[in-house]
J.: 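My structure is below; once you've seen it, I'll send some questions.
Here is how names work: the chains are called A, B, and so on, in the same order as the sequence lines, proteins then strands, and each is numbered from 1.
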Protein chains: 2
Amino acid sequence: MAYRETPKTQARKADTKAKILDAARQIIALKGFSGLTVATAAKQAGVATGSMYRYFPNKIELCTALFRQLSGREVDEMRAIAKLDLSPAQALARCCFNFTQRAFRAPVQSYALMAEPLDPALEMERLVYRRAYADVYQSIIERGIEAGDFEELDSHTASLAVVGMLAEPLLAPLHQFYCGESAPYDSRKLALSISRLCLNSLGAKDQLQDKDFNEQFNEYA
Amino acid sequence: MAYRETPKTQARKADTKAKILDAARQIIALKGFSGLTVATAAKQAGVATGSMYRYFPNKIELCTALFRQLSGREVDEMRAIAKLDLSPAQALARCCFNFTQRAFRAPVQSYALMAEPLDPALEMERLVYRRAYADVYQSIIERGIEAGDFEELDSHTASLAVVGMLAEPLLAPLHQFYCGESAPYDSRKLALSISRLCLNSLGAKDQLQDKDFNEQFNEYA
DNA sequence: CCAAGCTGTGAATCGTGATTCACTTTATGT
DNA sequence: ACATAAAGTGAATCACGATTCACAGCTTGG
């Protein structure tokens, strides 16, 4: 026996794996998952088709890894906001603005994660991440209810409703990008409307003043 | 020349077309679009695979026709509610209850229409019908704003948010049905929570009394 | 009854893309 | 340098369903 794994080969292996994932991400960002074939991803990553299978057992696993990586980042972003020292209403408003802003920064990728038709296995992942978003919102909502800032309501359903409220209005414009018909779109106004609707839905009347919204609105780059 | 179409042959043709659509619908209702192949639909309809192509130029057109038929019914249901002589708040609440109730009556079919991964051409149709739902809600919302029952807000975004609020909380349970893991679920409570959230989001505080909600809640079969 | 033109059939064909595999190249430890 | 085990390759294979097509059975007006 003579060959053994070394830190060096392990590092190279991890590197290539990351390179493949990044290549796949670039494709997603441009064409969505529908444009991602093993062959194109291989070419983009600069490896042969067959090599892909040294790093991922099959295409689904590759896609799943990518999906988790990208969705994970987004959810983490929301988690980070939830951890800031903000009132529940402020936290939620900021989530609305950030989510919208980030979606429009990488519209095709966002569409791919949020709504593009996917393999059933990935659809399952999508549900998991929706639930993860909802968990973040639910914790904020419960904090708000305890503080008396929000109405007493079913925080579980409310959190899912927030997920829906946030995603649905973005879908049509994001789909445009996905189809390559990018029209200019005032996503800032959209975020403003959505944040109002979200807070209203929780009965957060008077929790945020116009100035709070305006602050978010103006920070929105 | 000797052959010509007659009312009789036209009727037979229409009949078979309807039979095929209904066969497809049955499959959707059981397995979703992913279970719908030209071959299985043909067998279910009692015709040969090749015959399918006498009635629909290709699978996409068949699916599109089916999708339109089923989604059309659902949207019509909402339109009918919008036309009743109800206050905007009552109309919206009723939409929430009806939508939820109908979704759970045919859970797999509803999941298929609302969220199952589909061919891009069908995904386009889905967007169209989401917009159609939103149009109905928007008309109600605008009525509510004019009447001073709802807050002044962007009715376009609000209508989309309502679509999202209504759909998202149903998704996880409906997906369970789609996966064949049907767990018992109290959809009535869900409808109640959702209707509260919807009305809240529009700033419809005090538009509906508890008794209004209870009425819907109790009518829910 | 006949010719013309539908409608019905289902096995064979086709297209798409994932996956495999026999072979080459590279890395490792003795 | 050598034997061994991975990693790299890309053309060939495979799987899955939609679609086609050559032929058979009906309908119709003349």
J.: Which sits closer to the 5' end of DNA chain D, N58(B) or T49(A), going by the nucleotide each is nearest to?
T.: T49(A)
J.: Would you tell me if any nitrogen or oxygen in the side chain of Y3(A) comes within less than 4.0 Å of OP1 or OP2 on dG29(C)?
T.: no
J.: Quickly work out the D15(B) CG to dT7(C) P distance and round it to whole Å.
T.: 14 Å
J.: Nearest whole Å is fine: how far is dC6(C) C1' from Q10(B) CD?
T.: 13 Å
J.: Within a strict 4.5 Å, meaning less than it, do heavy atoms of the L166(B) and C96(B) side chains meet?
T.: yes
J.: May I ask you to evaluate whether R54(A) reaches the phosphate of dT9(D), defined as a side-chain N or O under 4.0 Å from OP1 or OP2?
T.: no
J.: Could you tell me the separation between the CZ atom of R12(B) and the C1' atom of dC26(D), rounded to a whole number of Å?
T.: 9 Å
J.: Answer with base, sugar-phosphate or nothing: what part of the nucleic acid does F56(A) contact at a heavy-atom distance below 4.0 Å?
T.: nothing
J.: Across the strands shown, which category fits S51(A) at heavy-atom distances under 4.0 angstrom: base, sugar-phosphate, nothing?
T.: base
J.: Please report whether the ring centroid of F177(B) lies less than 6.0 Å from that of Y185(B).
T.: no
J.: In this structure, how many angstroms lie between the C1' atom of dG17(C) and the CD1 atom of I60(A), rounded?
T.: 12 Å
J.: Could you tell me whether the side chain of T9(A) and the main chain of E5(A) form a donor-acceptor pair under 3.5 Å?
T.: no
J.: How close or far is atom C1' of dA22(C) from atom OH of Y53(A), stated in whole angstroms?
T.: 18 Å
J.: How close or far is atom C1' of dG17(D) from atom CG of D119(B), stated in whole angstroms?
T.: 13 Å
J.: Between E142(A) and S155(A), do the side chains contain an N or O donor and an N or O acceptor separated by less than 3.5 Å?
T.: yes
